[in-house]
Amino acid sequence: MSEEGKKRFRVKSLFQKNLGLLRTLLRNKRYKEFIIFLLFVALSFLFWIILAFGEEMNIAYRIPIKYTNFPDNTIITYDLPTSLTAHLRDEGTVLMNYSLDGLPALEIDFRQYANSSDAFILTAEEIKEKIKKNLRNTTILTSISIDSLAVYYTQSSGKKVRLRITGTALTIPQCIISGEIRSDIDSVQVYAPEYLLNTISYIETDSFLIKDLNRTVTKTVPLRRISGVKTIPQEVKLTIPVEELTSKTISIPISVDNLPRNVSLYTFPAMTKVECLVPTSQFSLISTEDIGISVDYNDIRTSTNDKLALKIDRLPSSVQYITLSPDSVEYILDSKR
């Protein structure tokens with residue numbers, strides 16, 4: 001038996017099997033009543049559909065937008081919508097035909113609207129008039145999803161402007177941002193109508209907030225959108241340098257500020273231990289010359305005990321979580337002759 005013959009045999013067998021099952025069910029009074037009930041339900045539903053499609057209905061349709069006859073040297077500087085939603089009212093049968101056949105695309109012909117200002121705007125009424133041309137006379141266009149359609153374009157070569165990074169990056173407590181946030185590019189090519197192009201001197205990234213960093217990461221960040229302006233690229237890769245912190249202890253001599261010429265002041269002890277966290281790469285680079293600790297002679301007048309509080313005068317920006325031991329010292333004054 002050929003393959004086609006086998007298929008016909010299987011279909012015939014399946015039909016005979018189901019037909020036999022139906023006959024068996026119909027012999028059963030309970031199943032027979034249930035099947036008749038289903039037939040009446042199906043007929044009722046069919047009549048309801050016929051009546052419903054004879055009445056007026058309101059249905060939303062997606063209409064594609066087609067842009068034509070743009071010259072090769074023309075750059076669209078703002079994203080254009082590719083479709084809109086139109087709400088139509090008519091008899092159900094008419095609306096069903098729209099659903100089956102589909103509505104023609106809304107065509108925007110560049111040659112019809114081009115002007116010297118490098119931009120044109122179609123109002124909602126103008127868009128509706130274009131859509132109505134593709135509808136039957138009985139169909140009412142009740143609303144559309146956009147209130148206007150703006151087209152910004154340019155035929156100029158554009159210009160390059162600097163990139164400005166706007167955002168914040170935060171690390172976990174055991175790490176630190178170890179340098180400037182870097183971008184894979186430092187400038188952006190900008191296209192816009194002349195009146196807009198002349199006002200742009202830089203392009204910013206979208207503001208970002210990145211938390212809980214524990215290692216150097218690279219993130220893709222979009223550029224901030226400006227209406228009527230196209231940027232190339234539209235996003236940049238940012239590298240955020242992160243380093244682990246390590247503990248460092250260093251002894252620093254204590255100096256005296258605002259000391260009169262005829263007075264000597266001696267602190268006990270003469271040095272203090274600075275305990276801090278520093279980036280791993282700078283551990284060996286930070287020395288006693290980088291940190292300044294002092295007492296102020298003028299604090300003697302306001303001191304309530306025989307000690308002076310230590311002050312941090314100088315400290316590398318990468319040093320974090322500082323403690324001084326001790327954080328105050330005893331002192332002795334000696335007058336010079």
Side-chain angles (χ1 to χ4, degrees), residues 162-183 186 202 204-205 207-219 221 238-337:
R162 61 190 175 88
L163 173 68
R164 178 182 289 181
I165 299 172
T166 57
T168 303
L170 302 173
T171 66
I172 60 174
Q174 297 81 12
C175 295
I176 188 176
I177 304 295
S178 59
E180 291 186 356
I181 299 176
R182 302 185 302 274
S183 170
D186 58 6
Y202 62 87
E204 294 181 331
T205 63
S207 183
F208 60 86
L209 174 60
I210 304 173
K211 297 181 179 180
D212 299 328
L213 294 175
N214 59 7
R215 58 184 175 82
T216 297
V217 296
T218 299
K219 296 284 186 179
V221 178
L238 301 181
T239 300
I240 306 171
V242 175
E243 271 195 74
E244 288 187 4
L245 294 171
T246 187
S247 177
K248 184 179 180 71
T249 301
I250 185 170
S251 294
I252 303 296
I254 301 170
S255 62
V256 182
D257 296 333
N258 301 314
L259 186 66
R261 292 183 179 180
N262 61 340
V263 176
S264 294
L265 188 150
Y266 303 96
T267 64
F268 296 95
M271 303 184 77
T272 184
K273 285 184 179 180
V274 176
E275 296 179 355
C276 58
L277 295 177
V278 298
T280 305
S281 63
Q282 299 185 32
F283 183 86
S284 60
L285 302 178
I286 296 175
S287 64
T288 56
E289 287 77 18
D290 299 314
I291 302 174
I293 306 295
S294 69
V295 294
D296 191 336
Y297 175 82
N298 293 332
D299 289 347
I300 294 175
R301 302 172 193 171
T302 57
S303 177
T304 58
N305 52 35
D306 295 332
K307 291 186 176 183
L308 293 175
L310 297 181
K311 298 180 180 179
I312 300 173
D313 297 328
R314 186 174 64 257
L315 193 71
S317 60
S318 58
V319 175
Q320 305 287 314
Y321 306 106
I322 306 149
T323 58
L324 303 179
S325 180
D327 58 2
S328 63
V329 292
E330 296 178 343
Y331 62 94
I332 293 178
L333 294 175
D334 185 20
S335 298
K336 297 178 182 179
R337 296 181 179 179

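Excluded from the calculations below are hydrogen atoms, water molecules and symmetry mates; all remaining heavy atoms, backbone and side chain alike, are included. All values reported here derive from a predicted model rather than from experimental measurement.
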Inset, instruction - Compare all side-chain heavy atoms of Thr216 with those of Ile240 and state whether any distance is below 4.5 angstrom. - result: no
Inset, instruction - Mark yes or no for whether Thr272, through its side chain, and Pro326, through its backbone, hold a donor-acceptor pair below 3.5 Å. - result: yes
Legend entry - OG1-CD1 distance between Thr288 and Ile250, expressed to the nearest 0.5 angstrom: 5.5 Å
Legend entry - Close side-chain approach of Leu265 and Ile332, heavy atoms under 4.5 Å: no
Inset, instruction - Decide yes or no for Ile300 and Tyr331: does some side-chain heavy atom of the first lie under 4.5 Å from some side-chain heavy atom of the second? - result: yes
Inset, instruction - First locate atom OG of Ser328, then atom CG of Leu308, and finally report the distance between them rounded to the nearest 0.5 Å. - result: 8.5 Å
Inset, instruction - Name all residues meeting the salt bridge (Lys or Arg N to Asp or Glu O under 4.0 Å) criterion together with Asp299; count only those two or more places apart in sequence or in a different chain, and write none if there are none. - result: Lys311
Inset, instruction - Could you tell me whether the side chain of Asp212 reaches within less than 4.5 Å of the side chain of Leu170, counting heavy atoms only? - result: no
Legend entry - Sequence neighbours excluded - salt bridge (Lys or Arg N to Asp or Glu O under 4.0 Å) pairs with any residue from residues 162-174: Arg164-Glu204
Legend entry - Heavy-atom closest pair, residues Ser287 and Asp290: N-OD2, 2.8 Å
Legend entry - With sequence neighbours excluded, residues passing side chain to side chain donor-acceptor pair (under 3.5 Å) with Glu180: none
Inset, instruction - Indicate the atoms forming the closest heavy-atom contact of Ile177 with Ala169, along with that distance. - result: CG1-O, 3.9 Å
Legend entry - From CZ (Arg215) to CD1 (Ile172), nearest 0.5 Å: 11.0 Å
Legend entry - Taking every non-hydrogen atom, the tightest pair across Ala309 and Val295: O-CG1, 3.8 Å
Legend entry - Check: Val242 and Ile176 side chains under 4.5 Å, non-hydrogen atoms: no
Legend entry - All side chain to side chain contact (heavy atoms under 4.5 Å, CB included) counterparts of Ile312, not counting sequence neighbours: Ile293, Leu315, Ile322, Leu324
Inset, instruction - I would like to know whether Cys175 and Leu213 meet side-chain contact (heavy atoms from CB on, under 4.5 Å); could you show each step before the answer? - result: CA-CA 8 Å; Cys175 295; Leu213 294 175; over 6 Å; no
Inset, instruction - Using the side-chain contact (heavy atoms from CB on, under 4.5 Å) rule, take Thr166 and Phe208 through it: C-alpha gap first, then chi angles, then the decisive distance, then the call. - result: CA-CA 7 Å; Thr166 57; Phe208 60 86; 5.8 Å; no
Legend entry - Val329 backbone acceptor or donor facing Thr267 side chain under 3.5 Å: no
Legend entry - Separation between CG of Leu238 and OG1 of Thr205, rounded to the nearest 0.5 Å: 6.0 Å
Legend entry - Heavy atoms of other groups near Lys248 NZ, more than 12 under 6.0 Å: yes
Legend entry - Within residues 249-258 or reaching into it, pairs that qualify as side chain to side chain donor-acceptor pair (under 3.5 Å) - sequence neighbours excluded: Asp257-Ser294, Asn258-Asp296
If you look only at distance, which donor and acceptor atoms sit under 3.5 Å apart when one is on a side chain in residues 273-280 and the other is two or more places apart or in another chain?
residue: Thr280; atom: OG1; partner: Glu244; partner atom: O; Å: 3.2

Legend entry - Partner residues of Ser281 under the side chain to side chain donor-acceptor pair (under 3.5 Å) criterion, sequence neighbours left out: Glu243
Inset, instruction - Identify, with sequence neighbours excluded, every residue that meets side chain to side chain contact (heavy atoms under 4.5 Å, CB included) alongside Pro253. - result: Met271
Legend entry - side chain to side chain contact (heavy atoms under 4.5 Å, CB included) partners for Tyr266, two or more places apart: Ser264, Phe268, Asp334
Legend entry - Partner set under side chain to side chain contact (heavy atoms under 4.5 Å, CB included) for Asn305, not counting sequence neighbours: Ser303, Lys307
